[in-house]
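Reminder, nothing fancy here: chain letters follow the sequence lines and each chain counts from 1. Only a predicted model underlies this, so the values are computations on that prediction, with no experimental measurement involved.
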Amino acid sequence: MKIVVLMKQVPDTYGERRLDTQTGRVDRGSSEAIVDEISERALEVALRYKDSHKGTHVTVLTMGPASANAALRKGLSMGADAAIHVLDDALVGADMGQTAAVLAAALPRNEYDLVIAGNESTDGRGGAVPAMLAEHLNLPHLSFLDSVELSVGEVSGERVSEYGSLDVRAPLPAVVSITERAAEARFPNFKGIMTAKRKPLSVVSLAELGLGPAEALAGARSVVLCASARPARAAGTKIVDEGNAGEQLAEFLAANRLI
Amino acid sequence: MPGFELGEEYRDLVEMVRDFADQVVAPVAARHDAEHSFPYDVVRQMGELGLFGLPFPEEWGGQGGDFFALALALEQLGRVDQSVAITLEAAVCLGAMPLYRFGSQEQKERWLPQLVSGQALAGFGLTEPGAGTDAGATRTTARLEDGQWVINGTKEFITNSGTDITELVTVTAVTGTATAADGSTRKEISTFLVPAGTPGFRAERAYDKVGWRASDTHPLTLAGVRVPEGNLLGERGRGYANFLATLDEGRIAIAALATGAAQGCVDEAVRYAKTRTAFGAAIGTYQGIQFRIARMQVRAHTARLAYYAAAERMLAGRPFKTEAAMAKLVAGEAAMDNARDATQVFGGYGFINETAVARHYRDSKILEIGEGTTEVQLMLIARGLGL
C-alpha cells in the first residue's frame with residue numbers, strides 16, 4: 001500500500017494570527033509556524049496502518065514556502081518514508097483551486113493507492129482542497145471521515161453529521177479527508193528525528209512538475225477583494241438582577257435569535 | 001568560536017519533549033503531586049517516546065543519541081514537572097547507565113533492554129542513614145558465602161526503588177579493607193545488582209516528602225539478601241570510584257532539570273503578570289514585577305549556558321568535573337530563587353499547592369541538596385582551583 005498524506009504548515013492558533021491587510025494574505029511573521037494538527041492526524045491514520053502492515057509506504061506532500069520544510073521533517077520524524085515539497089515563488093498567494101492543481105501534479109504518477117488529508121486547515125479554512133484534488137485525479141472522494149478503515153482495494157469510514165452517521169466506502173485509489181475526531185497523532189521519538197535526516201525529501205518547482213507559472217496561476221478562481229483587521233471587541237450587555245433578570249435574559253436571547 | 005545554537009536534531013527533540021510535557025505531563029502533574037502517586041501512564045508514554053533510551057546505542061534498544069540529548073529532554077520535563085524529570089534522570093543516570101558502563105555482557109543482556117525501553121526501572125542505593133555526602137562511611141556489608149554475596153544494611157532516599165516496574169536496585173556495600181600504597185587502610189566498597197523481589201530485600205514505606213512527591217523514593221532494608229556471585233557490578237573494590245564517575249554526569253543532568261524548573265517559573269510568572277491586574281493595570285506593567293522577572297530570566301539563561309558548557313566538555317572527552325559542579329550549583333540555586341520569586345509574583349495563589357509555582361517552590365529545594373549539596377559543589381570547585 002502506498003499512501004500520500006497532505007501536510008500543511010499554518011500559524012500557531014495559540015499565537016496571535018494576523019492578516020496582511022495590504023495583500024489579504026496570512027502574515028507568516030506574526031506567529032510561530034507549526035504543522036496543522038489535522039495534518040498530523042491524517043498522517044497518524046496512515047502510520048497506524050503502516051504499523052500493522054509491513055511494506056506500507058507513506059509519503060508526505062506539502063506546497064508552501066521554504067519554512068514548510070519543517071512540517072515535512074516532522075512528518076518524516078513521526079514515521080513517514082519520504083517527503084515532497086512543492087516550492088516556487090510563483091505560488092505565493094495561491095488559492096484553493098491552484099493548490100489542488102499543483103498537488104495533483106505533484107503526486108507521484110500512479111504510485112499511490114490513497115491520499116489522506118485533513119478536512120480543512122486552521123488558517124485558510126476553505127475545506128475544499130481534498131475534493132478538488134479528487135476531481136483533478138478523477139478519483140472517488142470520501143470527505144469528513146471520523147474514522148478510516150483500510151483494506152486491500154478499498155477504503156471505508158464513518159462520516160458523522162448532525163442528521164446521523166454514514167458508513168461510506170470507495171475502491172482504491174481514492175482521496176479521503178478526515179476530521180478532528182480521527183486518530184490522535186503520535187509524538188515523534190528521537191530515533192525518528194535522527195533517521196528523518198536520511199529519508200528522501202525532494203523539493204520540486206512548478207517547472208519540474210511540468211507546470212508553467214502562467215498555467216498554474218491561470219486558474220485563479222478566488223480573489224481577495226479587501227482584507228481588514230478584526231474590529232475590537234465591544235463591551236457586552238450587562239444584565240443586573242432587579243427581580244427580572246430571567247426575563248431580560250430571555251428577551252436578549254430572543255432578540256439575537258439565539259432561542 | 002564555540003556556539004550554543006542547537007543543531008536541527010536537538011531542536012526537534014526539544015520541540016517534541018516540550019509538546020509532550022505540555023500536553024501529557026503538565027495536565028496530571030498537580031494530581032500526582034497531591035496524591036503522592038507515581039505517574040505510571042506518563043512513564044509508559046515516555047518509554048514509547050524513547051526518552052529512557054536517549055543516550056544509549058541502538059544495539060541495546062536505545063535511541064542512539066548522546067548525554068546532551070538527555071539533558072535537553074530533562075530541561076523540558078523539569079519545566080512542568082520535576083517529579084517526572086527526576087524519575088527519568090534517576091532511571092537513566094543512576095539506574096541504567098552504571099549497568100551499561102560497568103556491567104558484563106551477561107548482566108547487560110539480562111537487564112539493560114527493559115531499562116532502556118522504560119518498561120522497567122532500576123534504582124541506585126548509595127546513601128545510607130549515616131552516609132550521604134561522606135559515602136566512604138558506608139556501613140552496608142557484603143560477604144562472599146558459598147558462591148553468593150550476602151548483603152546486610154539499610155539505604156536511604158533511593159529513587160525508583162519501589163515502583164511496580166522496579167526490576168533492580170544497584171547497591172554499594174563494604175566488601176573488605178583495602179590497603180593503600182602508603183600503608184593506610186580504608187573500606188573496600190563494591191557494587192551489587194539486587195533484583196527486586198529478592199528475599200530479604202525490602203523497599204520500605206515511601207517518604208512523605210516536601211517536594212518531588214510523584215517521584216518514588218524509599219528507604220531500603222537488606223537483611224541477609226543473597227545474590228549470585230555474578231551480580232557484582234564492575235570490579236570488586238571499584239564500587240565507589242565507579243559511582244563518583246557516574247555522579248559527575250548526573251550533575252549535568254540535574255543542572256538541566258533545574259534549568260527547566262527555573263525557566264518554568266519564568267514562564268508562569270510572565271503569563272500571570274500579563275493577565276493579573278492590580279490598581280487598574282496588568283501587574284507586569286509595573287517595574288517592581290518586571291525587574292523581578294527579568295532577574296529570573298537571567299538566572300535561567302545563565303544556568304542553561306552553564307550546563308551546555310559542561311556537557312560540551314564532557315562530550316568532547318575533556319575534564320568536566322568543575323564545570324559540572326558549577327552548572328549544578330548555579331542551576332539549583334536558579335531554580336530555588338526563581339521559585340521563590342515566582343511565588344511572590346503570584347501572591348496568595350502562589351501559596352496554593354495546585355499551582356505550578358507552588359509545586360516548584362516545594363520541589364526546588366532538593367535541587368540544592370540531591371546529587372551533591374551546594375556545599376559539595378563548592379568543595380569541588382575550590383579543589384579545581386588547587387585549594
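- Exactly one residue among Lys199(A), Lys197(A), Arg198(A) makes a side chain to side chain contact (heavy atoms under 4.5 Å, CB included) with Leu76(A). That residue is Lys199(A).
- For the residue pair Ser37(B) and His32(B), a side-chain donor N or O sits within less than 3.5 Å of a side-chain acceptor on the partner.
- The heavy-atom pair separating Asp248(B) from Ala324(B) by the smallest distance is O-CB, 3.6 Å.
- Within the 4.5 angstrom heavy-atom criterion, no atom of Ala73(B) approaches chain A.
- Chain A forms the most heavy-atom pairs under 4.5 Å with one residue out of Leu51(B), Leu13(B), Leu54(B), and that residue is Leu13(B).
- Looking at Gln45(B), neither its backbone nor its side chain comes within 4.5 Å of chain A, counting heavy atoms on both sides.
- Contact annotation for Val17(B): neither backbone nor side-chain heavy atoms come within less than 4.5 Å of a heavy atom of chain A.
- Between the side chains of Thr122(A) and Asp36(A), at least one donor N or O lies within less than 3.5 Å of an accepting N or O.
- A donor-acceptor pair under 3.5 Å links the side-chain atoms of Arg359(B) to the main chain of Val80(B), judged by distance alone.
- Contact of Arg73(A) with chain B is made through the side chain alone, with heavy-atom distances under 4.5 Å.
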